[in-house]
Amino acid sequence: YLGQLKNLLLEIRNIKLLKTHINIAQNMPKSFELKVERRAQIKAPKKDGDRTALLNLELEIQTLETEGIKIELEADVIFEFETIPEDYAKVAEEICVPMAQKEMLNRLDEILIHMGYKKMRLAEKI
């Protein structure tokens, strides 16, 4: 079944970051544990025959024991499918959310570099 799902997806057409909130404490400990929460909602197209879908994805990343890091990201991600999926929710959960999350975390790394920090490389770890 997963193989069938992968054949549905063509590409991420567009990502628009709606929210980027990054707080990093000056006295960060050398080692820390992060918790990542995500909320996602997919909207099927309104027109018949439209092969796109809009996924809204929110990520919240924060340190567990200390108040070191708190990052909030939200993006609207437009996916274009080769064939129209039968179950948008299942496709979103199994394919779209992981793809969008990886892209958002890669963008987070680029933002962190511009802020003077090292990449967190969360896309590779989650």
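Both backbone and side-chain heavy atoms feed into the values below; hydrogens, waters and symmetry mates do not.
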> Should Lys118 and Leu112 be marked as a side chain to side chain contact (heavy atoms under 4.5 Å, CB included) after you check the CA-CA gap, both sets of side-chain angles, and the distance that decides it?
Replying inline: CA-CA 6 Å; Lys118 292 180 180 173; Leu112 289 170; over 6 Å; no
>> Ile71 vs Gln62, test: side chain to side chain contact (heavy atoms under 4.5 Å, CB included). Steps then yes/no.
In response: CA-CA 6 Å; Ile71 299 171; Gln62 57 190 9; over 6 Å; no
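- Rounded to the nearest 0.5 Å, atoms CD (Glu67) and CD1 (Ile69) are 12.5 Å apart.
- Following chains of ILVMFWY side-chain contacts shorter than 4.5 Å, one cannot reach Leu59 starting from Leu64, and the two form parts of different hydrophobic clusters.
- Under the 4.5 Å side-chain heavy-atom criterion for Ile, Leu, Val, Met, Phe, Trp and Tyr, Val77 and Val36 are members of the same hydrophobic cluster.
- Nearest heavy-atom pair, Asp50 versus Tyr88, reported as atom, atom and distance to 0.1 Å: O-OH, 4.2 Å.
- A continuous path of ILVMFWY side-chain contacts below 4.5 Å connects Ile24 to Met104, so both sit in one hydrophobic cluster.
- The backbone N or O of Met120 sits less than 3.5 Å from a side-chain atom of Lys125, completing a donor-acceptor pair.
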> Stepwise, does the side chain to side chain contact (heavy atoms under 4.5 Å, CB included) test hold for Val97 with Leu55?
Replying inline: CA-CA 8 Å; Val97 169; Leu55 175 76; 4.0 Å; yes
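- Scanning all heavy atoms of the two residues, the minimum distance from Pro98 to Ala92 falls at CD-O, 4.1 Å.
- Classification of Lys35 and Glu37 as a salt-bridged pair holds, one side-chain N sitting under 4.0 Å from a carboxylate O.
- Between Pro85 and Val91, the closest heavy-atom pair is CB-CG2, 3.7 Å.
- Here the CD atom belonging to Glu72 is positioned 13.0 Å from the CG atom belonging to Leu18, to the nearest 0.5 angstrom.
- Separating the CG atom in Asp87 from the CD atom in Glu94 is a distance of 9.0 Å, to the nearest 0.5 Å.
- A donor-acceptor distance shorter than 3.5 angstrom exists from the side chain of Asp109 to the backbone of Arg121, with no hydrogens or angles considered.
- Taking the charged nitrogens against the carboxylate oxygens, Arg107 and Glu110 have no contact shorter than 4.0 Å, which rules out a salt bridge.
- In this structure, Leu54 CG and Phe79 CZ are separated by 10.0 Å, a value rounded to the nearest 0.5 Å.
- Here Leu17 contributes atom CG and Leu108 contributes atom CG; the two are 9.5 Å apart, rounded to the nearest 0.5 Å.
- For the residue pair Cys96 and Ile42, the shortest heavy atom distance occurs at SG-CD1, 4.4 Å.
- How far CG of Leu34 is from CD of Glu60: 12.0 Å, rounded to the nearest 0.5 Å.
- Note on Leu73 and Ile78: separate hydrophobic clusters, where clusters join Ile, Leu, Val, Met, Phe, Trp and Tyr whose side-chain heavy atoms are under 4.5 Å apart, directly or indirectly.
- A donor-acceptor pair is defined here as one N or O able to donate and one able to accept, closer than 3.5 Å; no such pair exists between the side chain of Thr63 and the backbone of Glu33.
- Distance alone, capped at 3.5 Å, is enough to place a donor-acceptor pair between the Arg51 side chain and the Phe81 backbone.
- Arg38 has no carboxylate O lying under 4.0 Å from a charged side-chain N of Glu58, or vice versa, which leaves the two without a salt bridge.
- Residue Tyr117 is grouped with residue Ile61 when hydrophobic side chains (ILVMFWY) are merged at heavy-atom distances under 4.5 angstrom, including chains of intermediate members.
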